[in-house]
Chemist: 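Mind having a look at this structure? Questions to follow.
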There are 2 protein chains.
Amino acid sequence: MSKTANVRPKRAVRRPDASAGIDRGVAPVDLGVLPDLVGYMLRRAQLAVFQDFWRAFEAHDIRPAQYAVLLIIERNPGLRQSQVSAALNIKRANLVALLDSLERRGFAKRVPVATDRRSYALHLTDGGAALLKKLGELSAAHEQRISATIGETGRKELLRLLHGVVQAVGPSTTDDDES
Amino acid sequence: MSKTANVRPKRAVRRPDASAGIDRGVAPVDLGVLPDLVGYMLRRAQLAVFQDFWRAFEAHDIRPAQYAVLLIIERNPGLRQSQVSAALNIKRANLVALLDSLERRGFAKRVPVATDRRSYALHLTDGGAALLKKLGELSAAHEQRISATIGETGRKELLRLLHGVVQAVGPSTTDDDES
DNA sequence: TATTGTTATACTCTATAACTATA
DNA sequence: TATAGTTATAGAGTATAACAATA
């Protein structure tokens, strides 16, 4: 342990006798090892990326989880709620309101299944398909904005590393299982 | 490394001959482009890593945000709450309860500042310093668990890419500002 | 008896406004 | 007037338990 990366010389907490802490710049706070902790940087990066995503999808009032659900329904027409729940790590109970919203807004629909009247087959509406077409463009631009900062090579490498972390460190929470 | 990645028995969704679909086993859900979206993978990775972190720090009942606050106080003794707030992207209002908890448990303390009676200088207690020493070991082991999956080189590279993303895509929300 | 979708509920995080006591 | 810390509150996101209908 204690590779103790860059030990910055602690910047004196300059504090004038009156007020005016620092001219007008950034806080002189030393983050220490935090920037070297994967968890900390993952959280910061996730917040940053989600913020860009949110801004891009704001006009359509679609959030990450909703986009993921739409995408998975598009790719797997007829999917059941429990399957979406398991695939995306969303509790069955929490998926209900999300789908209610998508259905109410005319993007997705629940179709009764003749062979199993407990469940519904999920499908996109024409409006939902059209929406996804537009969102796909916004998503591509969003990804490109990321590529613009770390390069497309860096983006691919980032994805590769994230997959490695996910697969090994936390193979997802086995989802929904309750009771 | 993935030691068999213990795949839960996951009762095969045994279902009559009705809707054939796919045989037993894992969910036959196609995630489509989701695994190629940085935002989606960042979220999955963050959840996975935080889960490992949580398990590691569980015995001490310390969560990521609390650990970050303790670290930053250790590195910058005498820091004001507003500075911690700005540095860690935690709203001033939300920092109060967090510090109350750390203070109540004897890990940190608020020391009145003679020159400005509105604010407090934050310091670790001896107990807090001792705790951090122990937590540092757990944190190092936690990072090593990540290195074990993508290699120490991969971990370093991951950190580099995450920094790139954070700096360019979202230089943090300028924090607390309200009103 | 087990599963699907559902409701109700609770707990954590985060966000905003407004208050106090200082400055 | 502006700022530091605080309070209260609201909103997401996520977690569990229990129920009805169905398998």
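What's counted below: heavy atoms across the whole structure, side chains too, no hydrogens, waters or symmetry copies. Every chain is numbered from 1, with letters handed out A, B, ... down the list of sequences.
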Chemist: Tell me: CD of B:Q66 to C1' of C:dT12, nearest whole Å?
Modeler: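 Distance check: B:Q66 CD to C:dT12 C1' gives 12 Å.
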Chemist: Going by heavy atoms in the side chains, are B:V69 and B:L122 under 4.5 Å from each other?
Modeler: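 No, too far: nothing below the 4.5 Å cut-off.
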Chemist: Under the side chain to side chain contact (heavy atoms under 4.5 Å, CB included) test, which residues partner A:R118, sequence neighbours left out?
Modeler: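 So A:R118 forms a side chain to side chain contact (heavy atoms under 4.5 Å, CB included) with A:D116.
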Chemist: More 5' along DNA chain C: B:A114 or A:D116, using each one's nearest nucleotide?
Modeler: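 That would be A:D116.
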Chemist: When the distance from CD1 of B:I90 to P of C:dC13 is rounded to whole Å, what number comes out?
Modeler: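 Nearest whole value for this atom pair: 10 Å.
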Chemist: Quick check on DNA chain C: between A:L99 and A:R118, whose nearest nucleotide comes earlier from the 5' end?
Modeler: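 That would be A:R118.
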Chemist: Give me, pair by pair, the N or O atoms of the protein and of nucleotides 7-11 of chain C that are less than 3.5 Å apart, along with how far apart they are.
Modeler:
none

Chemist: Are any of B:Q81's side-chain N or O atoms less than 4.0 Å away from OP1 or OP2 of D:dT6?
Modeler: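 The answer is yes; a side-chain N or O of B:Q81 sits under 4.0 Å from OP1 or OP2.
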Chemist: So which nucleotide from C:dC13, D:dT16, D:dA12 ends up closest to the side chain of A:K91?
Modeler: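 The listed nucleotide nearest to A:K91's side chain is D:dT16.
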Chemist: Which residues pass the salt bridge (charged side-chain N to carboxylate O under 4.0 Å, His left out) test with A:R43, not counting sequence neighbours?
Modeler: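 A:R43 satisfies salt bridge (charged side-chain N to carboxylate O under 4.0 Å, His left out) with no residue once adjacent residues are dropped.
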Chemist: According to side chain to side chain contact (heavy atoms under 4.5 Å, CB included), who are the partners of A:T125, at least two apart in sequence or on a separate chain?
Modeler: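 Testing A:T125 for side chain to side chain contact (heavy atoms under 4.5 Å, CB included), a comparison that skips the adjacent residues, returns A:K109.
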Chemist: Of A:P64 and A:R117, whose closest DNA chain D nucleotide lies nearer the 5' terminus?
Modeler: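 It is A:P64, whose closest nucleotide lies nearer the 5' terminus.
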Chemist: Please state how far atom CG in A:L98 lies from atom C1' in D:dT14, giving the value in whole angstrom units.
Modeler: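 Roughly 13 Å, once rounded to whole Å.
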Chemist: Filter on ring-ring contact (aromatic ring centres under 6.0 Å, His included), then keep only pairs touching residues 124-158 of chain A, sequence neighbours left out; what's left?
Modeler: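 Sorted result for residues 124-158 of chain A: A:F53-A:H142.
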Chemist: Closer than 4.0 Å, any side-chain N/O of B:S119 to the OP1 or OP2 of D:dT3?
Modeler: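 Negative; the distance criterion is not met.
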Chemist: What is the distance, to the nearest angstrom, from the CZ atom on A:R80 to the C1' atom on C:dT3?
Modeler: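 Those two atoms, CZ and C1', are 12 Å apart.
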Chemist: Could you state the CG-P distance from A:L88 to D:dA15, rounded to the nearest angstrom?
Modeler: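 For the pair A:L88 CG and D:dA15 P, the rounded distance is 14 Å.
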Chemist: In whole angstrom, give the distance that lies between atom CZ of B:F50 and atom P of D:dG13.
Modeler: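 The distance from CZ of B:F50 to P of D:dG13 comes to 17 Å, rounded to the nearest Å.
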Chemist: Rounded to the nearest Å, what distance is computed from the CG atom of residue A:L47 to the P atom of nucleotide C:dC13?
Modeler: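 So the two atoms are 13 Å apart, to the nearest Å.
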Chemist: Using a strict threshold of under 4.0 Å (side-chain N to carboxylate O), is an ion pair present between A:R55 and A:E58?
Modeler: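 No.
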Chemist: Atom CD of B:Q46 and atom P of D:dG13: how far apart are they, to the nearest Å?
Modeler: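 To the nearest whole Å, that distance equals 14 Å.
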Chemist: Test: ring-ring contact (aromatic ring centres under 6.0 Å, His included). Region: residues 97-125 of chain A. Which pairs qualify, not counting sequence neighbours?
Modeler: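 Qualifying pairs, neighbours excluded: none.
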